[in-house]
Amino acid sequence: MKYLLLIYGNEEKWASIPDDVRDKEIAKQDAWNTRYRASGELLAAYGLGGENESSLVWNRDGAPFSTDGPYLEAKEFICSLYVLEVESAERAREIAAEMPWASESPVEMWPILHDGFAPKPDSKA
C-alpha cells in the first residue's frame with residue numbers, strides 16, 4: 001500500500017528557526033530520507049517552493065490560464081511531500097511519527113488508492 005505524507009509550514013515559521021537549529025533539523029531529515037530510501041519504503045521525497053512561488057492553472061477556452069498563489073487562504077501551506085510504500089497503515093504511521101519535527105507539527109497521511117500510470121510496455125514485443 002502506498003501513502004502520501006504531507007508537511008505544512010510557512011515562511012514566518014521557517015524564518016523564526018535559528019540557522020544552527022534549522023541546519024541540524026535538515027540533517028535529521030536527510031538521515032530519515034536516507035534510512036527509509038535504503039529500506040525501500042520511501043519512494044519519493046520532495047521539498048516544495050514557497051507560497052509566493054505557487055500558482056493555480058486552469059484551462060480557459062482551450063488555453064492555459066493561471067493566477068498566483070495557493071488554492072486556499074491559509075496560514076500554512078504544503079512545503080514537503082513524501083511517498084511511502086509499506087505493508088500497512090500502521091507501518092506508515094510508525095515511519096511518519098519518526099519524521100523530524102513530528103513532535104512539533106503533525107504529519108498528514110493519505111492512502112494512495114489509485115496509480116495513474118499504466119504499466120510500461122514490454123520492450124521485447
Side-chain angles (χ1 to χ4, degrees):
M1 185 77 187
K2 292 180 182 167
Y3 290 89
L4 174 67
L5 305 181
L6 300 173
I7 307 299
Y8 289 84
N10 62 43
E11 299 299 326
E12 182 181 330
K13 178 179 179 178
W14 303 129
S16 72
I17 302 169
D19 290 342
D20 62 325
V21 172
R22 186 175 42 253
D23 292 345
K24 289 176 187 174
E25 293 305 317
I26 289 171
K28 288 179 189 177
Q29 187 64 53
D30 288 342
W32 184 95
N33 293 350
T34 299
R35 175 181 177 187
Y36 289 108
R37 183 73 169 165
S39 77
E41 295 169 300
L42 178 62
L43 301 181
Y46 300 99
L48 305 179
E51 63 193 79
N52 294 331
E53 299 171 87
S54 69
S55 61
L56 298 172
V57 181
W58 292 278
N59 180 317
R60 294 271 171 95
D61 299 320
F65 173 79
S66 67
T67 59
D68 293 339
Y71 182 68
L72 299 173
E73 293 290 328
K75 290 178 99 178
E76 294 193 333
F77 302 90
I78 298 171
C79 61
S80 300
L81 63 93
Y82 304 84
V83 178
L84 303 177
E85 186 166 26
V86 294
E87 67 222 24
S88 66
E90 179 181 348
R91 179 63 180 147
R93 282 190 290 273
E94 289 172 359
I95 293 171
E98 289 182 14
M99 190 173 281
W101 294 76
S103 61
E104 304 291 325
S105 299
V107 176
E108 190 170 316
M109 185 175 102
W110 290 77
I112 298 174
L113 302 179
H114 179 264
D115 184 345
F117 291 103
K120 291 183 181 180
D122 187 1
S123 61
K124 297 179 183 179

- Taken to the nearest 0.5 Å, the spacing of Glu11 CD from Glu51 CD works out to 6.0 Å
- Quick one: name the residues clustered hydrophobically with Ile26, using the 4.5 Å side-chain heavy-atom rule over I, L, V, M, F, W, Y, and just say none if it's on its own. none
- Task: Quick one: list whatever passes ring pair (Phe, Tyr, Trp, His ring centres under 6.0 Å) with Tyr82, sequence neighbours left out.
- Result: Trp32
- Can you run down the ring pair (Phe, Tyr, Trp, His ring centres under 6.0 Å) pairs that involve residues 8-27, sequence neighbours left out, and say none if there aren't any? none
- Message: I'd like to check the side chain to side chain donor-acceptor pair (under 3.5 Å) partners of Lys2; sequence neighbours left out, ordered by chain and number.
- Response: none
- Message: Within this structure, what is the CD1-CG distance for the pair Ile112 and Leu4, rounded to the nearest 0.5 Å?
- Response: 5.5 Å
- Hey, what do you get for CD1 (Ile7) to CD (Gln29), rounding to the nearest 0.5 Å? 7.0 Å
- Message: Using the side chain to side chain donor-acceptor pair (under 3.5 Å) criterion, which residues pair with Trp101? Sequence neighbours excluded.
- Response: Glu25
- Work out which heavy atom in Ala102 is nearest to a heavy atom in Ala96; give both atom names and the distance. CB-O, 3.8 Å
- Message: Which residues pass the side chain to side chain donor-acceptor pair (under 3.5 Å) test with Ser105, not counting sequence neighbours?
- Response: Lys13
- Message: According to a hydrophobic-cluster definition based on side-chain heavy atoms being under 4.5 Å apart (Ile, Leu, Val, Met, Phe, Trp, Tyr only), do Leu5 and Val83 belong together?
- Response: no
- Task: Evaluate the side-chain proximity of Glu94 to Val86: yes if any heavy-atom separation is below 4.5 Å, no if none is.
- Result: no
- Item | Non-neighbouring partners of Ala97 that pass side chain to side chain contact (heavy atoms under 4.5 Å, CB included), sequence neighbours left out | none
- The complete set of salt bridge (charged side-chain N to carboxylate O under 4.0 Å, His left out) pairs with one or both residues in residues 80-90, sequence neighbours excluded, reads none
- Query: Residues two or more places apart in sequence or in another chain: which of them pass side chain to side chain contact (heavy atoms under 4.5 Å, CB included) with Pro111?
  - Reply: Met1, Tyr3, Leu113
- Output the distance between atom CE (Met109) and atom CG (Leu84), rounded to the nearest 0.5 Å. 8.5 Å
- Message: Less than 4.5 Å apart, side chain to side chain, heavy atoms only: is that true for Asn33 and Asp30?
- Response: yes
- Item | Spacing of CD belonging to Glu104 relative to CE belonging to Met99, to within rounding of 0.5 Å | 14.5 Å
Exercise answer: donor-acceptor pairs, residues 38-48 side-chain atoms, under 3.5 Å, sequence neighbours excluded:
| unit_1 | atom_1 | unit_2 | atom_2 | d |
| --- | --- | --- | --- | --- |
| Ser39 | OG | Tyr36 | O | 3.0 |
| Ser39 | OG | Glu41 | N | 3.2 |
| Ser39 | OG | Glu41 | OE1 | 2.8 |
| Glu41 | OE1 | Arg91 | NH2 | 3.1 |
| Glu41 | OE2 | Arg91 | NE | 2.9 |
| Glu41 | OE2 | Arg91 | NH2 | 3.4 |

- Item | Pairs flagged by salt bridge (charged side-chain N to carboxylate O under 4.0 Å, His left out) wherever residues 52-61 is involved - sequence neighbours left out | none
- Pairing residues for Arg37 by the side chain to side chain donor-acceptor pair (under 3.5 Å) criterion, not counting sequence neighbours: none
